[in-house]
Amino acid sequence: MFDRVRTNWLVPGCVAVLLLTVLAGVQQYRWINRVSDADRRQRREVMERTLRNFSGDFRDTLLRLLPFFRPPPDEKNDAAFEPYMIEMTRRWHSTSDRPQLLASISIGTQSDQGVVFRRLQTGDNHFKTEDWPNEFVVYRRVLEERLRLPGGQPPLFPDGFAFEFFQGRPVLIFPLVTGAPPTPEWQRLRGWCFLEFDDDYLRQYLLPELMARHYGTGARYQVAVVASYPLSMIYGSDPTLTIGSLSQVNAGIVLLNANMPQDRQGPPPPRPEPQPFVSGPQGVPLAEIGGNLGGTDDRAWLLVVKNKAGSLEALVENARLHTLGFSFIIFVLLAGSSVMLMLATMRARRLAQQQMEFVAGVSHELRTPLTVIQSTSYNLSQGTIQDPSRVQQYGDVIQREARRLINQIERMLSFAGIQSGRRVYDLQPTNVTEIAERSLAEYAVPFAKDGWQIEQHFAEDLPLVLTDGPALESALKNLFENALKYAARGKWLSVSACAVQDRKGSEVQITVADRGPGIAPKDLPHIFEPFYRGQTAATTSGAGLGLCLVDRNLRALGGSVTVQSAPGDGTSFTLHLPVS
Ligand code: ADP
């Protein structure tokens, strides 16, 4: 009763475990997706922050010149700009921690000859008039316009400075004004100051320094600074980096861009802070970094980053797939273990059940002949049977029952021997016809008594088979005994042997066929299992070991046993013995 309750719970319990495993799998899948989304966000944020910090540090370093060189507007008049700049340049070179950053300083102011452009070369102590560079003509135009107008114009740049490129080198530009606070509207534009940065210093010192500060040794990233127009390489963290290799990048930001569009007359509109750009799985072309970040202006320096291990998306996706793969394997293992545990438990229960039946069957099998022997021998010993023919008959009964007993015990010992691996087979070249005839002869009496028709067909040229005679004989006897037990309805038995040659080699086949009720399809796959008894066996004595022994013996001899049976159509067992 308890056993049945426990068995009944086994399948639903296992199904529940499997369902829970699937549910846990779905949860795990969602969780992994959430984790990888968070990972993607975090990596993106780190990348964006690093780009912002790099760009911010770069601009801050350049803009350190602005408060240093911008003259206080309430103290200076336009005539004093030049001596002021000469003095500040001298001080810059003597006090700054980056004196080489500044390459030259120029101013554009009003003079007797109109608006002039004057440059102070490094090492000189006076400004020299030069032609207005093409890059700055728009500043000249704005200055001329402003000088013609009365004061009180709105400030020219929202931040009070602009960046421009002169022959590809960055230049910081700020207005020179006179006029006192409090409001900037009182100030008057008197000229422009152009601070030109030293290109070599930027490439060889400042950018490598920032690279080391923000990207370390560059083990994971390749970092480059490129000028967008004309497209050229300013700095590359890696000697292998070229403009060609940067056709696709993973992230970037505008480092510097020229604020004043060349075709504009008035002041430029306020420009938003450059925003970092991190690409999707494929990477993006360089042009997209500039277009996305700095507006449509052509002249810019872009900081671009290539991930050595692929794009951020690809990295996160890779990690996600790995985690998913491992989780999947673990869930398959879990589910597989549950199923295997269930099957093993069911099998163990079935075996326990069969063993119980075996014990019951064996006890019955042993008790029946023993009871017969006991009562018959009692009668004989008491002298109640005097008639010699009856004595003979009683002797026959005792002999038959004793043989049945011995057979049964031998079968059990055989099974135990095979199970424990102790059984040793003595392989000898054997004539199977002889073995078959001898075995059949032993059952001639019972078959004849019940009126069986026996047919024998043994091919004449059967080759000798390397096999263990007694094991083969015992297998055949098992089949005959089963025929007697289960196929008594047909009372027909055929024993045949022939040699067969096929792709796998040659073998001798011994077939034992009957015209009994056949074996039910549901029993057929199990009849060779130990202790298994079919539905026809309910009223027949036996322990479910006969066919199991046949199968084990044949396999030990290098052969096999097959069965063909259909309900109502009889049964045919074939022993296959390879010819070596
Ligand atoms: P046992 O005879 O002790 O039950 P076996 O291993 O010899 O055990 O046979 C297993 C089962 O196969 C039998 O219980 C029976 O149902 C079925 N079987 C074996 N031989 C035949 C046969 N010739 N015809 C019909 N059923 C058979």
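Both counts, for ligands and for their atoms, begin at 1 and track the order of listing. Bear in mind that the values here come from a model prediction, so they are computed numbers and not experimental data. The figures here come from the full heavy-atom set of this structure, side chains too, leaving out hydrogens, waters and symmetry mates.
The protein heavy atom nearest to atom 8 (O) of ligand 1 is Gly544 CA, 3.2 Å. Counting only heavy atoms of the protein, atom 4 (O) of ligand 1 lies nearest to Arg533 NE, 2.6 Å. The protein non-hydrogen atom at the shortest distance from atom 13 (C) of ligand 1 is Tyr486 OH, 3.5 Å. Looking only at heavy atoms of the protein, atom 23 (N) of ligand 1 is closest to Asp514 OD2, 2.9 Å. Of the protein's non-hydrogen atoms, the one nearest atom 5 (P) of ligand 1 is Leu547 N, 3.6 Å. Distance from atom 14 (O) of ligand 1 to its nearest protein heavy atom, with residue and atom name: Gly534 N, 3.0 Å. In terms of protein heavy-atom proximity, atom 26 (N) of ligand 1 is closest to Ile519 CG1, 3.3 Å. With respect to atom 12 (O) of ligand 1, the closest heavy atom belonging to the protein is Ile527 CG2, 3.4 Å.
Counted by atom type alone, Tyr532 and Asp523 present one or more donor-acceptor pairs between their side chains at under 3.5 Å. The closest side-chain donor-acceptor pair between His457 and Ser494, if any, does not fall under 3.5 angstrom. Asn33 and Arg320 share a side-chain donor-acceptor pair at under 3.5 Å. There is no side-chain donor-acceptor pair under 3.5 Å between Gln509 and Thr574.
Comparing Leu484, Asn482, Thr536, Asp523 by heavy-atom distance to atom 19 (C) of ligand 1, the nearest is Asn482.
Judged by distance alone, with hydrogens and angles left aside, the side-chain atoms of Lys306 form a donor-acceptor pair with the main-chain N or O of Ser245 at under 3.5 Å. Without hydrogens or angle criteria, Asn250 side chain to Asn307 main chain gives a donor-acceptor distance under 3.5 Å.
When heavy-atom distances to ligand 1 are checked against a 4.0 Å cut-off, Tyr532 comes that close only through its backbone atoms N, CA, C and O.
Atoms of ligand 1 lying under 4.0 Å from at least one heavy atom of Lys485, given by number and element, are 1 (P), 2 (O), 3 (O). In the vicinity of Gly518, heavy-atom distances shorter than 4.0 Å reach the ligand 1 atoms 25 (C).
Taking the side chain as every heavy atom from C-beta outward, Glu481 and Lys477 never approach each other to under 4.5 Å. Taking the side chain as every heavy atom from C-beta outward, Thr511 and Ser572 approach each other to under 4.5 Å.
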